[in-house]
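Inspection log for the structure reproduced underneath, given as structure tokens.
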There are 2 protein chains.
Amino acid sequence: MTSVQKLPARGRLLAAAEDAFFSRGIRATPVDDVLRAADVSAATLYAHFGSKDGLVAEALRVRLAEWQAVWDQCVVRAGSDLDRLLAVFDALAAYRERQPAARWCAFLAAATELPDAGDEIAGVLAADTELLNERLRHFARPLAGDRAADLADDVVLAYNGTLAAYLRGYPASPIETGRRVAAAAAAAY
Amino acid sequence: MTSVQKLPARGRLLAAAEDAFFSRGIRATPVDDVLRAADVSAATLYAHFGSKDGLVAEALRVRLAEWQAVWDQCVVRAGSDLDRLLAVFDALAAYRERQPAARWCAFLAAATELPDAGDEIAGVLAADTELLNERLRHFARPLAGDRAADLADDVVLAYNGTLAAYLRGYPASPIETGRRVAAAAAAAY
DNA sequence: GTCTATACGCGGATAGAC
DNA sequence: GTCTATCCGCGTATAGAC
């Protein structure tokens, strides 16, 4: 059996990065803050990730994988076509419980804060959008047939609106409102 | 009659600030860039606005006033209760034509980029949210009666989702999708 | 792989003259 | 009110040792 080990520096950096970047803000968080939180030296960070952007990109990759897993579970638990389409809101509720300090979506935040993001970061953002788009189109098909793409657009928009609501502090119950709006959109098909 | 005059430094600064901050990003834009675009010295900027944040706050105030005026006009042109509620999407279309380079909503961008914004900036952001909330609740009343607050929440969410769509580059026709979603929400009351 | 120490550029802000 | 010139701190990144 293995003994209890200190999490390696790389993992500590990623954990600290996720915590700081996606709650206090990416640009608002100096590298030094992450280093102190992770109890790691600057040289180690640059040895592993090459740059602050590299660390951001890797933190986003981790987040995308985790988000996808949570969403998967919520889809499995859904009992109808409509519930499967709306499961993305259940996933959002579940995912947010993990990091209540997060102000809103890490991917949209990155897109806003880093308008000139390099290929690495831009790639992860594109992958997130693609995942959202592709899956929702799939779940929309049994409900909207050949208009599935439109319904998927509607749900993506409601989803983004839910995320932005956290940012604005209004509406007060973003997920509840978002789910209601998405359901109303689906009812129109 | 007055002769043609060069726009004073203060006005040039605001114009340059709006252009740069809300298309390239606030944090991504150094003060020097604004100064060069406005052809004004640093000392003048600080004499007028005190700080970069002060300039941002004033640029946001200008923007809020302009946005409000555009929205007003679209409401006047609307021919039904539903059209008045959805006029916010027409206003968005009209407003965006003024500055196509803008990546998304200046207020949501400021909230994201400046999580520790001072009272001045925070106040303008709150005023924007309040305007949105108060007006939409008013327009929702004839359609939803005592559930007007819920319908207003729905429309705000669709509106924010529309703005976020520009950021994500998806859905492809944000305003069209947003209006459709908001209309579906209204139909449920 | 990780550390200590340091270099270096950039960005916000100010002093003082006109 | 506006300019020229300059200061200063902060944040990213690197050099070199262990």
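Residue numbers start from 1 in every chain, and the chains themselves are labelled A, B, ... in the order their sequence lines are given, proteins ahead of strands. Because only heavy atoms are used, hydrogens play no part in the values below, and waters and symmetry mates are left out as well, while side chains stay in.
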Length of the [atom1]-[atom2] vector between [X] and [N], whole Å:
X: A:Leu55; N: D:dT12; atom1: CG; atom2: P; result: 11 Å
X: B:Glu113; N: C:dG11; atom1: CD; atom2: P; result: 14 Å
X: A:Asp39; N: C:dG1; atom1: CG; atom2: C1'; result: 15 Å
X: A:Tyr46; N: D:dG16; atom1: OH; atom2: C1'; result: 18 Å
X: A:Arg36; N: D:dG11; atom1: CZ; atom2: P; result: 10 Å
X: A:Arg10; N: C:dG1; atom1: CZ; atom2: C1'; result: 13 Å
X: B:Asp53; N: C:dG11; atom1: CG; atom2: P; result: 16 Å
X: A:Asp33; N: D:dG11; atom1: CG; atom2: C1'; result: 10 Å

Which one, [options], comes nearest to the side chain of [X]?
X: B:Lys52; options: C:dA13, C:dA5, C:dC3; result: C:dA13
X: B:Pro30; options: C:dC3, C:dA13, C:dG11; result: C:dG11
X: B:His48; options: D:dT2, C:dG12, D:dA13; result: D:dT2
X: B:Thr44; options: C:dA13, D:dT2, D:dT14; result: D:dT2
X: A:Asp32; options: C:dA13, D:dT12, D:dT14; result: D:dT12

Practice item. With heavy atoms under 4.0 Å as the rule, sort B:Ala9 into base, sugar-phosphate or nothing. Key: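 The residue B:Ala9 makes sugar-phosphate contact but no base contact.
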
Check your understanding: Hey, quick one: are A:Val181 and B:Phe89 part of the same hydrophobic cluster, counting side-chain heavy atoms closer than 4.5 Å, chains of contacts allowed?
Key -> no

Check your understanding: Going only through I, L, V, M, F, W and Y residues with side-chain contacts under 4.5 Å, is there a path from B:Leu157 to B:Tyr166?
Key -> no

Check your understanding: Can a side chain N or O of B:Ser41 be found less than 4.0 Å away from OP1 or OP2 on D:dT2?
Key -> no

Check your understanding: Is any side-chain N of the basic residue among A:Asp39 and A:Arg12 closer than 4.0 Å to the acidic one's carboxylate O?
Key ->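 Salt bridge absent between A:Asp39 and A:Arg12.
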
Review point. Are the charged groups of A:Arg63 and A:Glu58 less than 4.0 angstrom apart, N to O?
Key: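 No.
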
**Study point:** A:Ala43 vs A:Ile26, nearer the 5' end of DNA chain D by closest nucleotide
**Key:** A:Ile26

Review point. Residues two or more places apart in sequence or in another chain: which of them pass salt bridge (charged side-chain N to carboxylate O under 4.0 Å, His left out) with B:Arg179?
Key: B:Asp90

